[in-house]
Structures are given as C-alpha cells and as structure tokens.
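To keep things clear, I will list the structure first and then write my remarks on it.
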Amino acid sequence: MSSAEELSNIMSENLTDVKNETLGKIPATPEGMAVAYGSLILMALFPIFFGSIRSVKHHHEQKSLTEKPETMTQADAAMFPLIASAALFGLYIFFQIFSKDYINLLLTGYFFVLGVLALCHLVSPVISSLVPAAIPNLDFHLTFVRGKGQNKEHLIDYEFTTYDIFCLGCCTVVGVWYLFKKHWIVNNLFGISFAISGVELLQLNNVVTGCILLCGLFFYDIFWVFGTNVMVTVAKSFEAPIKLVFPQDLLEQGLKANNFAMLGLGDIVIPGIFIALLLRFDNSLKRNTKLYFYASFVAYFLGLLATIFVMHQYKHAQPALLYLVPACLGTPLAIALLKGDISALFKYEDHPSDKNDGKETKKNSNQKDKSTSNSSTTSKVSPKSKKIK
C-alpha cells in the first residue's frame, strides 16, 4: 500500500488544473503568457522523459534483488481516488479551521527536507563530476542495528562518499533559499526533482493497474474542480513546491514578477508513471523502436495544449486529467490494437506475480522430473545393450 500512500501525498496536494490564480489576472502581454505556458509545458515534459529513462535503470536494479519489490496492486489503484479525496478534503478542513500561516510553516519545514533530498538524488552525478580532484573521494558506511545475532535488524544501512556530502551541502544552500524566500525558481527546482523522482521510483507493475488508477483519477479531478471549490481553495492556500509556476509578467518585471501560471505535480507524475511503464513495455518487446513511449509522450503534450486552450477559451479552471487521461490511455491502446500487441500489452508485468512464478516453478520442476526419468531409463537400458553386443 506504500505506493498508494506516496501517490496520495502528491494528489492530496495536486492542483490538477493548469491553474488558476491566473484566471483573475490579466497577463501583461500575449507574449508573456506564451512564454509562461510554453515554459510550463517544457518543465512538465522534462520530468516525464528523463524520469521514464531513469525508471528503466531502477527497474533493472529491482529485478536483481532477491526480494520482490512492493508495487501498487489493482486494489490499491481502485482505492487511491478515495484516499486522495479524503486527504484533499482533510487539507481543506484544516485551512478552514486553522490559520494557513501556521500550517504552511510546518509544511515549509517538511518540504525543505524532502526538497533537499530529492534535489540531491537528481543532481548528485553532476555535482560529483564538478568536485575538484584535490578533494579525496572517501567512502563511508552508516549503519544502525537493532538486536543481536540472528535477530539483528538493520534500521539504517547507507553508503555514501565525500562527494555525496559536498552535494548535500550545495543542495542545502538551495533549500535555505527556499526556506527564507520561497522564490519561484527554487520552487521549480524542488518541484522538478519531486516529479522526476516520482516517475522514476513509483511503479504501476502492469497496464491494467495503470488503467484503473488513471480512470479513477479522471473522475476525481472532474469532481473536485467542477463540482466543488475545494481544489481551488487548497491550491490558493497551500504554499509548497508541489506545483510548477512561471510568471506571465516576466518580460516586464523580470525575476520580481508575481503573476503566475501554474501546473500541479500530480498532472505530471500520474500520467508520467504510466508513460514510464510503456517505455519498459517497449523494452520488453525487444524492438528497435520505442513506439508506445514516444506516442504516449506526444499524446501527453497534446493533452496539455488542449487543457490550456480550453481554459482560456472558457475562462474557467480545467481539470487537466480530463484531457490527459484519454490521451495517455487511448493512444497506446489504439496502437496496440493496430499492431496486434493488445494481448502482450495487458499481460506485461514489471515484476511477475507470485501466481505466475508458481506456474513457472512447476513447469521447470516437471521438466526436471522428465529429464531425470529419461536419464534413469537410459542408465537401465545401457547395460542390457552392452550385454547383447
């Protein structure tokens, strides 16, 4: 259930529309609006593309483990919209009862820690390559053990180097900038880090689970945006890097601009983990093309364009998943039908279930017994043949 809970933390704070505070503000110029929304689209595509590639490496690492990693089940996916709704409504009640300043103060500290760690995970290879050779790269191993002998349990077992410490220091400086200024640039740095890590680490395991999750969130998004003001209220009150923002008046006011267009991270991570699954499915087909990944990636891009167009056409907040879910689900399913891959698509699993493992084990056992039987028969016949000769 942990995957569902992690996604709930994203979706409970999901702003799910290409948002919203801009609806009551007139952009400085059409050019400024074009720059803002163009930048948001690029910042949304970047985590999906690179997070999907990193998810393939993470998948290979998980397959090398002796224990099967925990992934979202179909039951988790079906329950998730209800969990996300409860979390979202809980935040709404909190903001109605308590001062949003105190709540945001707690959230600032929480996301400061998460943001620094997520940024370290993302930029560690880059910063490590920039460390001067004069600084030695020493290895460290941090362990914290409970119990003795066979009952020993490793609560903390973490290996790191001097370069990792240097990277943590650099990211902490960025975190302090966020802590005191909450500038939109550092907000986007943390937001992109969260999005890439989410697409990389959260796995659906199979397409059926992805379809259940996306269809459930499709109705979740429509209800909370069109049916109530809960989503909009939480979006305006919640100060945390769970959204990407870009100023529409950047051309006029520079870095001091404050008329922001916004996109919730849930609108990136939720479709992103499904698109990443399609990339892993492409790899399983062992073809020279990544057809399903690229087609769904383009469909996501077109879905974002449709969201922005409709929002400005009707001057009303739009649930982005209303457009993204049909695009991201319909495209690969249509291609699979045309290519004859529909059966393979629905049978694919990142980590085969225990039921399939049991069948495979039984099959291997039968083959082994048959081989042993043949070997025994051969050994019995051989002496007799020798005697006749």
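Please read all numbers here as calculations on a predicted model, not as lab measurements.
Within 6.0 Å of atom CZ in F219, 12 or fewer heavy atoms from other residues, nucleotides or ligands are found, so the atom counts as exposed in its surroundings. A 6.0 Å sphere centred on CZ of F112 holds more than 12 heavy atoms belonging to other residues, nucleotides or ligands. Other residues, nucleotides and ligands contribute over 12 non-hydrogen atoms within 6.0 Å of the CZ atom of F95.
Within the structure, the salt bridge (Lys or Arg N to Asp or Glu O under 4.0 Å) test picks out the following pairs touching residues 284-293 (sequence neighbours left out): R287-D341. Residue pairs meeting the salt bridge (Lys or Arg N to Asp or Glu O under 4.0 Å) criterion with at least one member in residues 111-137, sequence neighbours excluded, do not occur. Pairs of residues two or more places apart, or lying in two chains, never qualify as salt bridge (Lys or Arg N to Asp or Glu O under 4.0 Å) while including a residue from residues 175-187.
Heavy atoms only, all atoms of each residue included: T307 and Y323 are closest at OG1-CD1, 3.4 Å. What you find for G210 and L204 is that their closest heavy atoms are CA-CD1, 3.6 Å. Heavy atoms only, all atoms of each residue included: G303 and L324 are closest at C-CD2, 3.6 Å. Scanning all heavy atoms of the two residues, the minimum distance from P81 to A77 falls at CD-O, 3.3 Å. Nearest heavy-atom pair, P247 versus A36, reported as atom, atom and distance to 0.1 Å: O-CB, 3.8 Å. Across V269 and A195, no two heavy atoms sit closer than the pair CG2-CA, 3.8 Å.
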Between L142 and I156, is the side-chain contact (heavy atoms from CB on, under 4.5 Å) condition met? List the steps. CA-CA 7 Å; L142 179 64; I156 298 176; 4.3 Å; yes

Please assess I275 against L279 for the test side-chain contact (heavy atoms from CB on, under 4.5 Å), listing each intermediate value before the final yes or no. CA-CA 6 Å; I275 294 173; L279 176 60; over 6 Å; no

When you look at L201 and H58, which way does the side-chain contact (heavy atoms from CB on, under 4.5 Å) test go after all the steps? CA-CA 7 Å; L201 302 177; H58 180 65; 3.7 Å; yes

Start with the C-alpha distance between F190 and F111, add both sets of side-chain angles, then the distance that settles ring-ring contact (aromatic ring centres under 6.0 Å, His included), and finish with yes or no. CA-CA 9 Å; F190 280 175; F111 280 99; 9.2 Å; no

Please assess M43 against I268 for the test side-chain contact (heavy atoms from CB on, under 4.5 Å), listing each intermediate value before the final yes or no. CA-CA 9 Å; M43 287 190 293; I268 301 172; over 6 Å; no

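Between the side chain of H59 and the backbone N or O of D350, at least one donor-acceptor pair lies under 3.5 Å. Between the side chain of N259 and the main chain of D249, no donor-acceptor pair closer than 3.5 Å is present. In this structure, T162 contributes its side chain and L138 its backbone to a donor-acceptor pair below 3.5 Å. Looking only at distances, no side-chain donor or acceptor of D221 sits under 3.5 Å from a matching main-chain atom of L322.
Partners of F274 according to the ring-ring contact (aromatic ring centres under 6.0 Å, His included) rule, which considers only residues two or more places apart in sequence or in another chain, do not exist here. In this structure S55 satisfies the side-chain contact (heavy atoms from CB on, under 4.5 Å) test together with A276, R280, sequence neighbours excluded. Annotation: side-chain hydrogen bond (donor to acceptor under 3.5 Å, both in side chains) contacts of T73 (sequence neighbours excluded): D76. Residues passing the side-chain contact (heavy atoms from CB on, under 4.5 Å) test with L291, sequence neighbours excluded: T289, I335, K339. Judged as a ring-ring contact (aromatic ring centres under 6.0 Å, His included), and not counting sequence neighbours, Y300 has no contacts. Looking at residues two or more places apart in sequence or on another chain, you find no ring-ring contact (aromatic ring centres under 6.0 Å, His included) involving F346. Remark: E153 pairs with R146 by the side-chain hydrogen bond (donor to acceptor under 3.5 Å, both in side chains) rule, at least two apart or across chains.
Atoms SG and CG, on C328 and L321 in that order, are 9.0 Å from each other to the nearest 0.5 Å. Between the CG atom in L329 and the SG atom in C215 there is a gap of 5.5 Å [rounded to 0.5 Å]. The line from CG of L42 to CZ of F301 is 8.5 Å long, rounded to the nearest 0.5 Å. N283 contributes atom CG, which lies 10.0 Å from atom CZ of F293 (distance to the nearest 0.5 angstrom). To the nearest 0.5 Å, atom OH of residue Y37 and atom CD1 of residue I308 are 6.5 Å apart. Of the inter-residue distances, the one linking D282 atom CG with Y348 atom OH reads 9.5 Å to the nearest 0.5 angstrom.
Criterion: ILVMFWY side-chain heavy atoms under 4.5 Å apart, direct or through other members. Under it, V199 and Y292 are not part of a common hydrophobic cluster. Placement of F49 and L278 within a single hydrophobic cluster is found when ILVMFWY residues are connected by side-chain heavy-atom separations under 4.5 Å, directly or transitively. L106 and V113 end up in different hydrophobic clusters when Ile, Leu, Val, Met, Phe, Trp and Tyr side chains are linked at under 4.5 Å. Both I242 and V116 sit in one connected hydrophobic cluster of ILVMFWY residues. Membership requires side-chain heavy atoms under 4.5 Å apart, directly or through other members. Under a hydrophobic-cluster definition in which Ile, Leu, Val, Met, Phe, Trp and Tyr are linked whenever side-chain heavy atoms come within less than 4.5 Å, directly or via other members, V176 and L105 are assigned to different clusters.
Of the candidates L304, I41, V245, L263 forms a side chain to side chain contact (heavy atoms under 4.5 Å, CB included) with just one, namely L304.
Within the 4.5 Å cutoff, side-chain heavy atoms of L82 are placed close to those of M79. Inter-residue side-chain proximity for Q96 and T233 is flagged as met; some heavy-atom pair is nearer than 4.5 Å. Using a 4.5 Å heavy-atom threshold, the side chains of L202 and M72 count as separate. Put simply, the side chain of L345 reaches to within 4.5 Å of the side chain of L333, judged on heavy atoms. Two residues are said to be in side-chain contact when any heavy atoms from C-beta on lie closer than 4.5 Å; L250 and W184 meet this criterion. Considering only heavy atoms from C-beta on, V186 stays 4.5 Å or farther from P241 through its side chain.
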Going by atom type alone, with no hydrogens or angles, which donor-acceptor pairs under 3.5 Å involve a side-chain atom of residues 222-232 and a protein atom two or more places apart or on another chain?
{"from": "W224", "atom 1": "NE1", "to": "S85", "atom 2": "OG", "distance (Å)": "3.0"}
{"from": "T228", "atom 1": "OG1", "to": "W224", "atom 2": "O", "distance (Å)": "3.4"}
{"from": "T228", "atom 1": "OG1", "to": "V230", "atom 2": "N", "distance (Å)": "3.2"}

In residues 117-133, what donor-acceptor pairs under 3.5 Å come from side-chain atoms, sequence neighbours left out?
{"from": "H121", "atom 1": "NE2", "to": "R54", "atom 2": "NH2", "distance (Å)": "3.3"}
{"from": "H121", "atom 1": "NE2", "to": "E200", "atom 2": "OE1", "distance (Å)": "3.0"}
{"from": "S124", "atom 1": "OG", "to": "D164", "atom 2": "OD1", "distance (Å)": "3.4"}
{"from": "S128", "atom 1": "OG", "to": "S124", "atom 2": "O", "distance (Å)": "2.8"}
{"from": "S129", "atom 1": "OG", "to": "V126", "atom 2": "O", "distance (Å)": "2.5"}

